[in-house]
Amino acid sequence: MEVKREMLHCLQRNEDIYSKHFISMYDPTRLKDTATYGLDFIPNLDGKYPACPQSYWSYTPGCTQLAADTFRIPVAVYPDTDQKLSRRNSGPPLLYLPFEGPIPKAKPLPIVMQYISGCHWSTLQMNRAIKMDWPVIERSIVLACQEMGQTKDLRKIIWRYLSIKKAVCEDNLNASAPIVLD
């Protein structure tokens, strides 16, 4: 429950940022309900908590961005590879970055989340670096950072120790601008 408390605190701290920049990514009421569900529960006699209804399960992108911001760790989300089983979460792999950047002098590795069978997540947190290309940064994060005046290049400056794939339109986020490939 401590994790949920930390996430709720982060949600309250960043509520203005989320409602302004991520309103298309998540429902603020649903995110708050998900973060608060179960905080007041008391375990049964056997030490277990009651089952959580599906409507309160963690979901992407809302909970993913909240987790990245709460722990200041990137979260890499990979879709379900079986398209027949999953209509949700079947887009491209994406990397969610915390707004405040990493904890000073830290180089956290992303948490890896793989969507499985249309309703479950498998999560990995690596203890040591491995050489790999991380997915592109979720576009709303890049746009929100630019709107907030954070002009540093997320991929080349702040998170330079990670090999993050470059989005096709990263140099030209204006939809009317030509796409430049390098």
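The shortest heavy-atom contact between E147 and H21 is OE2-CE1, 3.2 Å. Scanning both residues, L11 and A35, for their nearest heavy atoms gives CD2-CB, 4.5 Å. Between P110 and L162, the shortest heavy-atom distance links the atoms CD-CD2, 3.8 Å. Heavy atoms only, all atoms of each residue included: C52 and W57 are closest at O-NE1, 3.1 Å. Annotation for S140 and F22: closest pair CB-CE2, 3.5 Å, computed over non-hydrogen atoms.
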When the side chains of residues 61-76 are checked against the rest of the protein, which donor-acceptor pairs come out under 3.5 Å, sequence neighbours left out?
{"unit_1": "T64", "atom_1": "OG1", "unit_2": "T60", "atom_2": "OG1", "d": "2.9"}
{"unit_1": "Q65", "atom_1": "NE2", "unit_2": "D69", "atom_2": "OD1", "d": "3.3"}
{"unit_1": "Q65", "atom_1": "NE2", "unit_2": "D69", "atom_2": "OD2", "d": "3.2"}
{"unit_1": "Q65", "atom_1": "NE2", "unit_2": "L97", "atom_2": "O", "d": "3.0"}
{"unit_1": "D69", "atom_1": "OD1", "unit_2": "F99", "atom_2": "N", "d": "2.7"}
{"unit_1": "D69", "atom_1": "OD2", "unit_2": "Y18", "atom_2": "OH", "d": "2.4"}
{"unit_1": "T70", "atom_1": "OG1", "unit_2": "L66", "atom_2": "O", "d": "2.7"}
{"unit_1": "R72", "atom_1": "NE", "unit_2": "G101", "atom_2": "O", "d": "3.0"}
{"unit_1": "R72", "atom_1": "NH2", "unit_2": "E100", "atom_2": "O", "d": "3.2"}
{"unit_1": "R72", "atom_1": "NH2", "unit_2": "P102", "atom_2": "O", "d": "3.0"}

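Under the 3.5 Å distance criterion, the side-chain polar atoms of Q114 are left unmatched by any main-chain donor or acceptor of V77.
Taking NZ of K165 as the start and CG of L94 as the end, the distance is 11.0 Å to the nearest 0.5 Å.
Within a 6.0 Å sphere centred on CZ of R160, other residues, nucleotides and ligands contribute 12 heavy atoms or fewer. Counting non-hydrogen atoms of other residues, nucleotides and ligands closer than 6.0 Å to NZ of K32 gives a total of 12 or fewer.
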| request: List the steps, then state whether side chain to side chain contact (heavy atoms under 4.5 Å, CB included) holds for V112 with T123. | output: CA-CA 6 Å; V112 177; T123 306; over 6 Å; no
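Transitive grouping of hydrophobic side chains (ILVMFWY, heavy atoms separated by less than 4.5 Å) keeps I103 and I158 in distinct clusters.
Residues Y56 and T36 fail the side-chain proximity criterion, which asks for heavy atoms closer than 4.5 Å. For the pair Y78 and P93, the minimum side-chain heavy-atom distance is below 4.5 Å. P108 has its side chain within reach of Y161: a pair of non-hydrogen atoms, C-beta onward, lies under 4.5 Å apart. Taking the side chain as every heavy atom from C-beta outward, L39 and R5 approach each other to under 4.5 Å. With a 4.5 Å cut-off on side-chain heavy atoms, D133 and I164 do not count as touching.
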